[in-house]
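The structure under discussion is supplied below as structure tokens; questions concerning it will follow.
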Amino acid sequence: MTEIDPIVRAVEAVLFASPEPMSVDSIRAHVGVGKGGGDIRAALERLEAQYRGRGIMLVRRGDRWHFQTAPDLAHLLRRDREEARRLSRAAIETLAIIAYHEPVSRAEIEAIRGVAISKGTLDVLMEAGWVRPAGRREVPGRPLIYATTPAFLQHFGLTSRRDLPGLEDLRAAGLLDPVDLALERMGDEDMPDSAPDSGEEERD
């Protein structure tokens with residue numbers, strides 16, 4: 001019988017027992033290997049390969065890892081009565097704007113949508129675990145800015161925000177509506193440096 005690397009076994013055990021996705025640093029803190037993280041990353045790659053094609057799989061969402069049911073078998077575990085999380089149109093539009101322009105302030109969201117948003121809209125998205133406060137914009141008034149969470153990536157099956165469909169993809173699929181076109185115009189005019197993770201400050 002082939003002996004299994006003890007670090008691989010330890011990483012597997014930690015991830016299996018964790019109720020939520022874990023970062024490399026969190027895994028390393030439990031396993032107790034050196035600061036470089038190379039052993040942990042190598043172990044994650046080995047586990048990812050070992051579980052590929054099986055009933056459960058190891059996946060990465062953003063910078064976090066977790067085990068999940070293989071997508072083609074999810075229907076076996078689905079409850080007879082699903083409790084769907086229903087979002088208002090305002091919440092869906094707000095979530096899309098945050099995902100494509102994060103970090104973004106309430107004023108910037110409202111500038112793109114063309115209408116004011118209620119505090120409850122952002123509260124719903126934060127309660128769902130898809131949006132989080134991401135600090136404050138260093139401009140007068142220091143408004144809060146918002147960004148998506150690893151749970152957002154997990155729910156929508158994205159490895160990172162780079163996997164979000166582009167505006168050209170949405171247009172080709174016939175999914176662009178006035179708010180999407182407004183978002184595109186804001187990206188071209190009022191918020192020229194609002195690409196993901198650009199680090200530039202947008203006009204509040």
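Not measured: the values here are computed from a predicted model.
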query = Do side-chain atoms of E108 reach the backbone of S105 as a donor and acceptor pair under 3.5 angstrom?
reply =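 Checking the backbone N and O of S105 against the side chain of E108, a donor-acceptor pair under 3.5 Å is found.
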query = Which heavy-atom pair separates P143 from P140 by the least distance, and what is that distance?
reply =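 It is CD-O, 4.2 Å.
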ask   = Taking the side chain as C-beta and beyond, is there a heavy-atom pair between R61 and Q68 under 4.5 Å?
value = yes
request  = Give the C-alpha distance, both sets of side-chain angles, the deciding distance and a yes or no for side-chain contact (heavy atoms from CB on, under 4.5 Å) between D5 and R9.
outcome  = CA-CA 6 Å; D5 187 323; R9 293 185 67 232; over 6 Å; no
key: Considering all heavy atoms, the nearest E102-A147 contact   =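 Nearest pair, atom of E102 first, then A147: OE2-CB, 3.6 Å.
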message = Quick check for you: to the nearest 0.5 Å, what is the distance between R132 atom CZ and Y146 atom OH?
response =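 R132 CZ to Y146 OH: 12.5 Å, rounded to 0.5 Å.
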inquiry  = When you group the ILVMFWY residues by side-chain heavy-atom contacts below 4.5 Å and let the links chain together, are M57 and V14 in the same group?
reply    = no
message = Hydrophobic clustering (ILVMFWY, side-chain heavy atoms < 4.5 Å, transitive) - are V24 and V59 grouped together?
response =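 No.
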request  = Return the orientation label for the H155 and W130 ring planes: parallel under 30°, perpendicular over 60°, tilted otherwise.
outcome  = tilted
Value rounded to 0.5 Å, distance of CD1 in I98 from CG in L122 = 5.5 Å
Test item: E110 side-chain N/O and I117 main-chain N/O as donor-acceptor pair under 3.5 Å =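 A pair under 3.5 Å: yes.
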query = Between atom CD1 of I56 and atom OG1 of T69, what is the distance when rounded to the nearest 0.5 Å?
reply = 8.0 Å
task = In plain terms, say whether E93 and R89 are close enough for a salt bridge, that is, a side-chain N and a carboxylate O under 4.0 Å apart.
result = yes
key: Any side-chain heavy-atom pair of V8 and L44 under 4.5 Å   =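 Of all side-chain heavy-atom pairs linking L44 with V8, none is under 4.5 Å.
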ask   = Stepwise, does the side-chain contact (heavy atoms from CB on, under 4.5 Å) test hold for R106 with L144?
value = CA-CA 7 Å; R106 177 195 297 272; L144 273 173; over 6 Å; no
ask   = CH2 of W65 to CG of L58: how many Å apart, nearest 0.5 Å?
value = 5.5 Å
task = Measure the spacing between CZ of R136 and CD1 of I145 and express it to the nearest 0.5 Å.
result =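 Going from the CZ atom of R136 to the CD1 atom of I145 covers 10.0 Å.
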remark   = Note: A91 and T121 closest approach over all heavy atoms is CA-CG2, 3.6 Å
request  = Answer whether the closest heavy-atom distance between the side chains of L95 and F152 falls below 4.5 Å.
outcome  = yes
inquiry  = Under 4.0 Å between a side-chain nitrogen and a carboxylate oxygen: does that hold for R60 and E48?
reply    =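 Between E48 and R60 there is no salt bridge, as every charged N stays at least 4.0 Å from the carboxylate O atoms.
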key: Residues which pass side-chain hydrogen bond (donor to acceptor under 3.5 Å, both in side chains) with D123, listed by chain and number, not counting sequence neighbours   = K119
query = Do the side chains of H66 and S18 get nearer than 4.5 Å, heavy atoms only?
reply = no
request  = Taking the side chain as every heavy atom from C-beta outward, state whether R64 and M22 have any pair of such atoms under 4.5 Å apart.
outcome  =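 No, every pair of side-chain atoms sits at 4.5 Å or beyond.
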query = Between the side chain of R137 and the main-chain N/O of R142, is any donor-acceptor distance below 3.5 Å?
reply = no
note = Nearest heavy-atom approach of A90 to T94 is O-OG1, 2.7 Å
query = About how many Å separate OG of S88 and CG of L125, when rounded to the nearest 0.5 Å?
reply = 8.0 Å
ask   = Does the T149 side chain pair with the main chain of G129, one donor and one acceptor, at a distance under 3.5 Å?
value = yes
request  = Let me see the working for D25 and R28 under side-chain contact (heavy atoms from CB on, under 4.5 Å), right down to the final yes or no.
outcome  = CA-CA 5 Å; D25 287 341; R28 184 169 59 243; 2.3 Å; yes
request  = Check the surroundings of atom NE2 in H30: do more than 12 heavy atoms from other residues, nucleotides or ligands lie under 6.0 Å from it?
outcome  =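 Open.
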